[in-house]
Structures are given as structure tokens and as C-alpha cells.
S.K.: 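The structure follows.
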4 protein chains.
Amino acid sequence: MALLTVDHRHPTPLYAQLEQGIRGAIAAGRLAPGAQLPTVRQLAVELKVNANTVARVYVELERAGVLETRRGVGTFVAQTQPAVGSRRGRDAELRALVQRCLNEAAARGFSAADVLGQVRQLSDSQGG
Amino acid sequence: MALLTVDHRHPTPLYAQLEQGIRGAIAAGRLAPGAQLPTVRQLAVELKVNANTVARVYVELERAGVLETRRGVGTFVAQTQPAVGSRRGRDAELRALVQRCLNEAAARGFSAADVLGQVRQLSDSQGG
Amino acid sequence: MALLTVDHRHPTPLYAQLEQGIRGAIAAGRLAPGAQLPTVRQLAVELKVNANTVARVYVELERAGVLETRRGVGTFVAQTQPAVGSRRGRDAELRALVQRCLNEAAARGFSAADVLGQVRQLSDSQGG
Amino acid sequence: MALLTVDHRHPTPLYAQLEQGIRGAIAAGRLAPGAQLPTVRQLAVELKVNANTVARVYVELERAGVLETRRGVGTFVAQTQPAVGSRRGRDAELRALVQRCLNEAAARGFSAADVLGQVRQLSDSQGG
DNA sequence: GTGGTCTAGACCACG
DNA sequence: GTGGTCTAGACCACA
């Protein structure tokens with residue numbers, strides 16, 4: 001599977017999907033600090049998205065300290081990632097997030113067991 | 001936890017969150033066929049959302065055959081739910097869905113193991 | 001005559017009139033697959049209707065597979081129109097529809113012969 | 001077919017459908033001056049509509065001079081029907097009315113020829 | 001009191 | 001500039 005993807009039919013805005021995809025890939029180790037990202041145009045073509053949309057996400061993530069742009073060279077994952085806040089006290093956040101996922105799955109005919117299996121499979125193949 | 005919730009800060013549109021929440025609650029059996037939903041205005045107050053936003057979701061789900069409205073009476077879960085397509089051939093759909101969830105989790109500092117545990121916990125408490 | 005019209009005095013809701021007008025124009029070939037529709041705002045001005053009302057119809061018809069929207073570009077007639085169900089077994093539907101029309105005509109002083117003539121005239125001028 | 005009908009799924013409000021049905025039946029001669037209409041409750045049951053809705057239509061039509069109510073006896077078609085305005089100069093009205101009908105028909109997969117045939121058939125069987 | 005329709009207008013996402 | 005989302009609030013149809 002491609003490292004970064006967006007779903008044009010999903011109601012979540014493309015820019016948000018892309019931003020989350022990049023943040024997630026870094027947090028999960030699929031994109032290491034210092035790694036180079038695709039150019040704006042490459043990624044725009046690959047994701048079938050307007051280049052402005054990709055560029056805006058890169059700029060935003062640079063402002064957040066997640067990415068670094070070296071002019072004329074490219075865009076890279078920052079060496080030091082901004083802290084994210086510990087898990088402590090954020091159980092409600094996790095629960096809401098997972099509940100949304102289960103809702104979406106159930107709404108499309110997938111059971112919690114289906115989701116469970118897929119989570120296992122993806123986490124094994126990616127960093128587990 | 002409340003049966004239906006929305007997160008005003010999440011980039012997914014409120015109406016899409018609510019629609020998925022209702023569909024999920026029905027699919028998971030937390031809302032049974034024939035059950036009455038909260039009135040448009042009640043739910044709007046409860047979710048801190050405009051009544052039009054709730055009404056839009058109810059109308060949409062009625063068109064889809066998921067809900068039934070009786071004018072002047074209220075809104076109910078339809079007795080016969082529309083088919084949803086078998087899981088067969090939709091593995092890619094499930095994978096994308098779960099990947100989005102894991103991305104979002106990772107981006108906020110939760111590991112795949114955290115998600116795994118939360119899925120187990122929610123599915124135990126809701127559907128056995 | 002304008003391609004799309006609504007009657008603000010008719011008891012049928014504006015959005016329903018517009019939806020039927022668009023569906024009818026496509027089915028009758030006055031709007032070909034791939035053709036671009038007026039922009040939401042243009043049509044709103046032309047029909048003296050709120051932009052939200054037009055947008056609502058466009059969104060609904062997109063969900064139904066009748067239209068396609070390209071974000072930031074415009075709204076177009078879908079290349080492949082959804083099936084509509086054969087006429088077989090729907091004679092009652094046609095009869096009810098025409099009866100409603102004749103009722104409305106009679107109530108305003110038009111005879112069935114008047115309607116007959118007008119149907120001939122319109123079908124000659126529009127679809128041969 | 002029943003003399004008066006309403007379609008609960010049609011977007012036109014029930015009261016408007018009923019009013020038009022009664023006016024049309026009178027204008028077409030299916031309800032003669034002096035004829036008695038069903039009681040409010042009978043018609044409400046028959047049409048599966050709330051009695052208030054039927055009552056409101058009767059009241060409205062009485063105000064318009066189309067019906068007459070004799071207390072304790074029933075509701076009747078008035079002996080002298082209010083004038084409706086000649087057809088002259090109202091061609092645009094007829095055209096719009098028929099165009100709406102053809103749109104609705106085309107949107108449901110019926111051709112202008114289908115409508116033509118049905119108009120002939122109904123007008124023959126009812127008073128043509 | 002229930003849902004449905006419409007308006008006006010703000011702000012966002014995308015190209 | 002295109003469509004999409006949301007709000008606030010008026011008024012209508014129906015039970």
C-alpha cells in the first residue's frame with residue numbers, strides 16, 4: 001500500500017486526511033526523522049489532488065515543527081518532533097476516536113471483530 | 001456515554017459524524033428497529049448543534065431507508081434496514097478505514113496497542 | 001422558455017420542483033451527460049431562490065448519481081445515469097401522476113382536451 | 001379508482017393534494033353540484049390522513065364558495081360554482097402546468113407518449 | 001409539539 | 001470563483 005493516501009469520497013477534508021496521514025506515518029515510524037517527503041507536485045499527482053492543497057499541508061506542518069523545508073532541496077521530517085502530550089488523562093480522547101472508527105465500520109457492515117483483526121494485521125506489518 | 005455524540009473540533013463535518021453515529025448505533029444494535037430517536041430539537045440542544053443540521057441528517061437517512069418519519073409524530077428506526085453489501089471484496093475498504101483510524105491515533109500519540117485495547121473494551125461493553 | 005424554472009406560488013416545495021425539473025431535463029435529453037449545469041449562485045439568482053436551496057438539490061442529485069460535482073470547478077450531468085426502473089408494473093404510478101395533473105388542470109378551468117393539446121405541443125417541440 | 005386520493009410520498013402537501021382533487025373532481029363533473037361529500041371522519045380514514053387536515057380543506061373550500069356545509073347534515077358541492085377565469089390569456093399557466101407534469105413523468109422514466117396515452121385513457125373514461 | 005421548507009449570511013475547502 | 005458546512009430564525013404542514 002502507498003505510504004500516504006487520501007479518500008476523495010470520505011467526508012473528512014482532503015487537507016485534514018493528508019495532514020493526519022503524515023503525522024501518523026511519522027509517529028508510527030514509517031517516516032523517520034530526516035526522511036525526505038515527495039515534492040509537492042509529485043504528491044499532488046499521486047494523490048490526484050491540487051498542488052495548492054499539498055503545499056498548504058506542508059506549510060502548516062512546517063509551522064507546527066513537524067516538517068522542515070530546505071529551499072531548493074526539498075521537504076523533510078524534522079529531526080526533533082514536537083511533544084504530543086502523554087496518554088495519561090486522555091482516555092476519553094482515545095475512546096471517542098475508536099468509537100468513531102467502530103461507528104463508521106458498523107455503518108458499512110463491518111463488525112468490531114473485523115476491525116480488531118484488521119488493527120492487528122496492520123500493526124504487525126508496520127511496526128508491531 | 002451518551003448514545004450519540006459529535007466532536008465539534010474534529011475536521012469531519014458534524015452532519016457526517018452524526019449520520020455515521022446513527023448508522024453505527026443501528027448496525028451495532030444499540031438502536032433497535034422501531035425505536036424512536038430524539039426529536040430534532042432535543043438532539044440539537046444535546047449535541048450543541050443547530051436544529052437544521054440534525055434535521056438534515058434525519059431527512060437524509062430517511063431517503064436512504066434507514067429512518068422513518070411520521071409527520072407530526074417523530075422519527076423512528078425503520079423496521080427493515082437497507083442491505084449494506086457483503087464484506088466480500090471490501091477488504092480494501094476496511095483496511096483504509098482502519099488505517100485512517102490508526103493514523104489519527106498515532107498522530108495524537110496513541111499506539112496501535114492502545115487502539116487494540118480500546119476496540120476490545122468498547123466491543124465488549126456494547127455488543128458482547 | 002428557460003431550461004429550468006420554478007413556480008413560487010405552487011404548493012410543491014421549490015427544491016422538489018427544481019429536482020424534478022433537472023431530472024426531467026436529463027431524461028428528456030435537454031441536458032446531455034457531461035453537460036455543465038449553471039453554478040449554484042447563478043441558478044439561485046435566475047430562479048429567485050436562495051443559494052442554499054439550489055445547493056441542496058445539487059447535493060441530493062449527486063448522492064443519487066444523477067449529477068457529479070468537481071470541487072472548485074462546477075456541477076455536471078453524470079456520464080452514466082442511474083437506472084430508473086422499467087415501466088412494467090408501474091402503470092398505477094403513471095395513472096396517479098396524470099390524474100393529479102388533470103385534477104390540477106380541471107381545478108383551474110382547463111379541460112382534458114386542453115391538456116392533451118399542450119402535451120402534444122410540448123413533446124413535439126422538445127423531443128420529437 | 002377511488003374518487004379522491006392523496007399520495008403520502010409526493011412532495012406536494014396533503015391538504016393541497018386534497019383540495020385540488022376536490023376542485024378537479026367538481027370541474028370535471030365527477031362530483032355534481034348538490035352531491036354530498038364523505039364526512040370528514042370517513043374521508044380521513046379512507047385517505048389515512050388526520051381529520052383536522054380534511055376539515056381544514058372543507059372549511060377552506062366553503063370559504064371559497066366551492067362547498068356548502070349544512071350543519072348536522074353534511075358537506076355538499078355548492079349549486080353555483082365560483083367562476084374560474086377563462087382560458088384566454090392563460091396559456092402560459094397551462095404550459096407550465098403540463099411542463100411540470102412531463103418533467104415529473106420523464107424523471108420517473110415515462111415518455112411524453114406514455115403521458116399522452118394516459119391522458120386520453122383517463123379523459124375517455126371520465127367525461128371526455 | 002413534531003418535522004419540513006426557506007432565507008440570509010458567515011466561513012471553509014478546493015482549484 | 002466553485003461548491004460545502006453551519007448558524008439563526010421565520011413560517012408552514014401535520015397530529
Side-chain angles (χ1 to χ4, degrees), chain A residues 6 8 11-19 44 47-57 60, chain B residues 6 8 11-18 36-44 47-63 67-76, chain C residues 6 8 11-18 36-44 47-63 67-76, chain D residues 6 8 11-19 44 47-57 60:
Chain A
V6 296
H8 286 260
T12 300
L14 299 177
Y15 88 94
Q17 289 185 45
L18 182 52
E19 178 179 335
L47 301 180
K48 292 173 185 165
V49 156
N50 188 282
N52 287 331
T53 302
V54 177
R56 235 171 272 149
V57 171
E60 170 76 12
Chain B
V6 296
H8 287 258
T12 298
L14 298 175
Y15 84 92
Q17 290 183 46
L18 181 53
Q36 180 165 14
L37 279 88
T39 71
V40 167
R41 291 162 172 88
Q42 273 175 5
L43 193 51
L47 300 180
K48 291 172 186 162
V49 152
N50 188 278
N52 284 330
T53 302
V54 177
R56 172 183 175 184
V57 171
Y58 279 14
V59 165
E60 183 126 332
L61 288 175
E62 197 201 358
R63 287 230 167 197
L67 301 181
E68 282 176 6
T69 70
R70 302 180 207 152
R71 302 199 227 189
V73 180
T75 304
F76 303 81
Chain C
V6 296
H8 287 259
T12 299
L14 298 176
Y15 85 91
Q17 290 184 45
L18 180 53
Q36 180 165 13
L37 280 89
T39 71
V40 168
R41 291 161 173 87
Q42 273 175 5
L43 193 51
L47 300 181
K48 292 173 186 163
V49 154
N50 187 277
N52 284 330
T53 301
V54 177
R56 172 182 175 185
V57 172
Y58 279 13
V59 165
E60 182 126 331
L61 288 175
E62 198 201 359
R63 287 232 168 195
L67 301 181
E68 282 176 6
T69 69
R70 302 181 206 151
R71 300 200 227 189
V73 180
T75 304
F76 303 81
Chain D
V6 296
H8 287 260
T12 299
L14 298 177
Y15 87 94
Q17 289 184 46
L18 182 52
E19 178 179 335
L47 301 181
K48 291 173 185 164
V49 156
N50 189 282
N52 288 331
T53 302
V54 177
R56 233 171 276 150
V57 170
E60 170 77 11

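Convention: sequence-line order gives letters A, B, ...; per-chain numbering from 1. All values below come from the heavy atoms of this structure, side chains included, with hydrogens, waters and symmetry mates left out. Since the model is a prediction, treat every value here as computed from it, not as a measurement.
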S.K.: For the pair made of CD in C:Glu68 and P in F:dG3, what is the distance, rounded to whole Å?
M.R.: 14 Å
S.K.: As a quick check of understanding, evaluate side-chain contact (heavy atoms from CB on, under 4.5 Å) for C:Glu60 and B:Arg63, giving each step before the final call.
M.R.: CA-CA 10 Å; C:Glu60 182 126 331; B:Arg63 287 230 167 197; 2.3 Å; yes
S.K.: Round to a whole Å and report the spacing from CG of C:Leu18 to C1' of E:dT7.
M.R.: 16 Å
S.K.: One pair to check against side-chain contact (heavy atoms from CB on, under 4.5 Å): C:Leu67 and C:Leu37. What are the steps and the verdict?
M.R.: CA-CA 9 Å; C:Leu67 301 181; C:Leu37 280 89; 3.7 Å; yes
S.K.: Whole-Å distance between F:dG3 P and C:Glu60 CD?
M.R.: 17 Å
S.K.: Roughly, in whole Å, what's the span from CG in B:Leu61 to C1' in E:dG4?
M.R.: 16 Å
S.K.: Looking at every non-hydrogen atom in both residues, tell me the closest pair between A:Ala44 and A:Ala51 and how far apart they are.
M.R.: CB-CA, 3.7 Å
S.K.: What string of B, S and - do you get for nucleotides 8-15 of chain F, 5' to 3', if B is base contact, S is sugar-phosphate-only contact and - is no contact with any protein heavy atom under 4.0 Å?
M.R.: BB---SBB
S.K.: CG of B:Leu47 versus C1' of F:dC6: gap in Å, rounded?
M.R.: 14 Å
S.K.: With A:Gln17, which of A:Leu47, A:Val49, A:Val57, A:Thr12 fulfils side-chain contact (heavy atoms from CB on, under 4.5 Å)?
M.R.: A:Thr12
S.K.: Give the rounded distance in Å between these two atoms: CG of B:Leu43 and C1' of E:dG1.
M.R.: 16 Å
S.K.: Measuring from B:Arg70:CZ to B:Gln36:CD, what's the distance to the nearest 0.5 Å?
M.R.: 8.0 Å
S.K.: Report the base-pairing partner of E:dC14 (Watson-Crick or G-U wobble, both distances below 3.5 angstrom), or none.
M.R.: F:dG1
S.K.: Is there a side-chain contact (heavy atoms from CB on, under 4.5 Å) between C:Thr75 and C:Leu61? Walk through the geometry before answering.
M.R.: CA-CA 10 Å; C:Thr75 304; C:Leu61 288 175; over 6 Å; no
S.K.: In this structure, how many angstroms lie between the P atom of E:dT2 and the CD atom of B:Glu62, rounded?
M.R.: 17 Å
S.K.: Respond yes when some side-chain nitrogen or oxygen of B:Thr69 is under 4.0 Å from OP1 or OP2 of E:dT2, and no when none is.
M.R.: no
